[in-house]
J.: 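Sharing a structure below in structure tokens format, with a few things to ask.
Below, chains carry the letters A, B, ... as their sequence lines are ordered, and counting in each starts from 1.
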Amino acid sequence: MIKELFTNDYGPDGFRTCSVTGMRIDRTAENFVKVFGLTAVVALVVGGISAILVVLTRWEVVGLLGPADFYNWLSVHAWNLLIFWMVFMEVAILYVGGPMVLGRKLPAPKLAMVGYVLMLGAAIGINWALMTTSAPDHAPVLTSYAPLPSSEWFYLGAIVFILGTVIAALPFFAAIWQEKVENPNRSLPLVAFGAFITAIIAVEALLGGLITYIPTYMWRIGLLEHIDAAWYRQMYWIVGHGSQQINLAAMITVWYFLTHVVGGAEVVSEKVSRSAFILYLFFINMGAAHHLMADPALAASWKVWNTSYAAYGAVLASMIHAFAIPAGLEAGRRKRGAGKSLFGWLWSSPWSNPVFSAVIFSIILFGFMGGITGVLMGQMQLNLAWHNTWATVGHFHATVVLGTTMTFMGLVFFVIQTMFRKELIMAPLAKIQPWFYSGFMALTTLMMMYLGILYGIPRRHASVMNIPGTDFNFAAAEPLFVVFGIAALLAIAGGILFALISVGSLLFGNRLDPSTVFRPTHSWQGDGSPVHLQSMRGTFAFTLIFLAVFVIAYVLNWYLLSRLWEIG
Amino acid sequence: MSSPIHSPQGNWWIAGVSVLEKTWIRISVVWCLLLFASMIVWASYGKQNQAGPTYRVSTTEFMQKVQAFKKAGTQTEDGIIPADEHIYVAAARFSFDGFPVVLQAGKQYQVHMSSYDVQHGLSVRPEHALSKQMSLQLLPGYEWVLPMKFDEPGVYHVVCNEFCGVGHRTMHGSFIVRR
């Protein structure tokens, strides 16, 4: 059965042609995409199981775990979902965006294998270290802020995982290199270009990780006597936030890819979309500075500079993609006569296809919830009200779960049907999975934001309804915790549904000709007119609504801040 | 067809761009400039700016400063009434040193903050309005001095909101602000 998962109709040269995308697909590249993707889903399941424990502890009506267990499982939750699920998927995306889109063989497959083995070994080792953490070590949660010591195996695992990821990315860079040597005057396709930018941002972040974890490991095993907390924070966030920026760039690349192959989107302007990726390349790393807005030792001018000129280069890029991607869908569909009215192109889209609905929900929810809150908390002064509250956790659940995880779930459904060529089982449930999961996850996320901003609920607390040693508590927030608890459990049920459909389809799904589910992209022809002359008024209306919400949220946050006592 | 999975044909740099897309980019640029300007304006005219000097300090030195502050102040049932406008508070696993302090509403104080051991948070809100809250990061080895002026009397509860170990949730302190 396992062998069957890696079988496809390859020609004697080791290539096959995808009946949906028309891409020439190399057997080795495809098998590595499958292996990395499957490993990512395993990490998602481990992270999802720990989510149940975390939710049932924070919802104190249940109050499942004591503090020590809670922090260990919170760490498992963070590392599996923010790191392993994401990074294994992202290596798979690089192999799609590089060798597959370019129709090339995967160069240096042995390096891919070495990278995979190191990553897998490190992921298992880190999970073991997190689950067995006990005094005098402390759970690292995501950030392992020095000088609070964690298991030395944890730091070593982080170093090996980073090295493995860099090695696994090398075949992708080699494929781009070979392409440019052979075709120096041919531009990369946009998806390959986006993957290339993602990979560069990834290497920057990963090098930051080595700069952080190697000295920290040396300190932990006693080779260095002292580690400076402010130094650690500066260095750590190169990888801590950088890794999440890999998610962002990879997600946007997948948005361009899937809206095209599933919805018939076109690229409305190569110049604009590529320029936006270039803005990411130069500016997105500065976004990491917003973790340091409430820190001592940094001047206000440093904080304002890094969260303004610099970071807004990346904000601008995201706002450009926020128009370009839906506009691509609108223009592409209008060109083929799909929907004449303001939003007809959208209503007539393939909503019953979970790949499509997952991607569209991800675009909307990422923008409205994750993007806006990211900018709000990245403003130096507004950060006072956001820093280390549960609202920050809400923010990154909006970006990483509603955005990236939803997108990657859609991509997994796509890969199951087009690469594994398996029919999705439980088709009616598969159709509603993105609606169910994103709906309840959005509600969960909103509750975290409300609880954090309006009640000041701190993050990383095992309990806030009872603070030992004082009468003070956060019991006033209890009603919202009820909504949070129920919504989060339903969202987890949506996640379980995803795992059951994915694994079940691989094991029990019928063999599928994917062109019966997805319309082959060569049939997306239309009237041949230039795409930029198509109407994009529906997208423009959406982006104006987005801007209005942005402005309202912005004004409300400044109002909340202005009610505080004088600080500074 | 302009596809993201095929190399673009011809000179794509000079291809036309939709009027609405150009308009959106212009709007976005203006919005980003406004975002930037608001921070600068608030830094000049707003009353909440986490800007203040930071000094390197050893744990022992800062412990001595907090002890001196407590000794110089007046001990009352509610807490320490500072001798002057300088307040010294420190976080340590799993309690705050220097709290509770009794302050006068409308008077500006210089709050000196640090940590004795690991990273901590200083998260403050009045008991009567949980939504009026803010958080700062405390780092060992750094003494951060921020001016603060509380206008509304009340009890301002302080909790740690940076994970500092299993007893993290038990840390509590307070500013008691009187007329």
J.: For the candidates S463(A), A462(A), G469(A), which exhibits the highest count of non-hydrogen atom pairs separated by less than 4.5 Å from chain B?
T.: S463(A)
J.: So what's closer than 4.5 Å to chain B heavy atoms on Y450(A): side chain, backbone, both or neither?
T.: neither
J.: From N473(A) CG over to H172(B) NE2, what is the distance, rounded to the nearest 0.5 angstrom?
T.: 10.0 Å
J.: What part of S301(A) lies closer than 4.5 angstrom to a heavy atom of chain B: side chain, backbone, both or neither?
T.: neither
J.: Are there residues of residues 43-50 of chain B whose heavy atoms fall under 4.5 Å of chain A's heavy atoms? If so, which?
T.: A43(B), K47(B), Q48(B), N49(B), Q50(B)
J.: If I take atom OG from residue S7(B) and atom CG from residue L188(A), how far apart are they, to the nearest 0.5 angstrom?
T.: 7.0 Å
J.: Ignoring hydrogens, what is the shortest heavy-atom contact between Y554(A) and L34(B)? Give both atom names and the distance.
T.: OH-O, 4.5 Å
J.: Between G452(A) and Q133(B), what is the shortest heavy-atom contact and its length?
T.: O-NE2, 3.5 Å
J.: Once rounded to the nearest 0.5 Å, what's the spacing between atom CZ of R563(A) and atom OG of S131(B)?
T.: 4.0 Å
J.: Could you have a look at I457(A), T21(A), T143(A), V272(A) and say which one has the most heavy-atom pairs with chain B under 4.5 angstrom?
T.: V272(A)
J.: Return the option, out of V101(A), V464(A), L316(A), with the maximum number of heavy-atom pairs under 4.5 Å with chain B.
T.: L316(A)
J.: If I compare all heavy atoms of V304(A) with all of F36(B), which pair ends up nearest, and what's the gap?
T.: CG1-CE1, 4.0 Å
J.: Among residues 161-168 of chain B, which residues come closer than 4.5 Å to chain A, judged by heavy atom distances?
T.: N161(B), E162(B), F163(B), C164(B), G165(B), V166(B), H168(B)
J.: Can L20(B) and R537(A) be said to form a side-chain contact (heavy atoms from CB on, under 4.5 Å), step by step?
T.: CA-CA 7 Å; L20(B) 288 180; R537(A) 61 187 195 276; 4.2 Å; yes
J.: Working to the nearest 0.5 angstrom, can you tell me the gap between H6(B) NE2 and L102(A) CG?
T.: 11.0 Å
J.: Please find the pair of heavy atoms, one from W558(A) and one from S38(B), that lie closest to each other, and give the distance.
T.: CZ2-OG, 4.0 Å
J.: Nearest 0.5 angstrom please: L190(A) CG to I5(B) CD1, how far?
T.: 11.0 Å
J.: Quick check on N183(A) against chain B: is it the side chain, the backbone, both or neither that has a heavy atom closer than 4.5 Å?
T.: neither
J.: Run the ring-centre check on W565(A) versus F175(B) and record whether the distance is less than 6.0 Å.
T.: no
J.: Is it the side chain or the backbone of Y156(B) that comes within 4.5 Å of chain A heavy atoms, both, or neither?
T.: side chain
J.: Evaluate the criterion side-chain contact (heavy atoms from CB on, under 4.5 Å) for residue pair R93(B) and L148(A); output intermediate values, then yes/no.
T.: CA-CA 11 Å; R93(B) 295 191 301 146; L148(A) 194 69; 4.0 Å; yes
J.: Walk me through whether F323(A) and S28(B) qualify under side-chain contact (heavy atoms from CB on, under 4.5 Å).
T.: CA-CA 10 Å; F323(A) 186 96; S28(B) 302; over 6 Å; no
J.: So which pairs with a foot in residues 133-148 of chain A pass salt bridge (charged side-chain N to carboxylate O under 4.0 Å, His left out), sequence neighbours left out?
T.: D137(A)-R220(A)
J.: Looking only at heavy atoms, which of residues 71-87 of chain B get nearer than 4.5 Å to chain A?
T.: none
J.: Which region of A385(A), side chain (C-beta onward) or backbone (N, CA, C, O), has a non-hydrogen atom less than 4.5 Å from a non-hydrogen atom of chain B, or is it both or neither?
T.: both
J.: Sort P147(A) into side chain, backbone, both or neither according to what part of it lies under 4.5 angstrom from a heavy atom of chain B.
T.: both
J.: For I40(B), which atoms come within 4.5 Å of any heavy atom of chain A: side chain, backbone, both, or neither?
T.: side chain
J.: Relative to chain B, which of M319(A), M100(A), H387(A), Q381(A) shows the most heavy atom pairs under 4.5 Å?
T.: Q381(A)
J.: Restricting to non-hydrogen atoms, name the atom on V267(A) and the atom on S3(B) that form the minimum distance, rounded to 0.1 Å.
T.: CG2-C, 4.0 Å
J.: Hey, which of P458(A), G456(A), S269(A) has the most heavy atom pairs under 4.5 Å with chain B?
T.: G456(A)
J.: Say you draw a straight line from CG of L561(A) to CH2 of W42(B); how long is it, rounded to the nearest 0.5 Å?
T.: 5.5 Å
J.: With a 4.5 angstrom heavy-atom cut-off, could you sort out which part of V177(B) is near chain A: side chain, backbone, both or neither?
T.: neither
J.: When you look at F540(A) and V19(B), which way does the side-chain contact (heavy atoms from CB on, under 4.5 Å) test go after all the steps?
T.: CA-CA 10 Å; F540(A) 193 65; V19(B) 175; over 6 Å; no
J.: Taking side chain as everything from C-beta outward and backbone as N, CA, C, O, which of these in I27(B) sits under 4.5 Å from a heavy atom of chain A? Side chain, backbone, both or neither.
T.: side chain
J.: At a 4.5 Å cut-off on heavy atoms, which part of S562(A) comes close to chain B: side chain, backbone, both, or neither?
T.: both
J.: Please look at A146(A) and chain B and tell me whether the side chain, the backbone, both or neither of the residue comes under 4.5 angstrom of a heavy atom of that chain.
T.: backbone
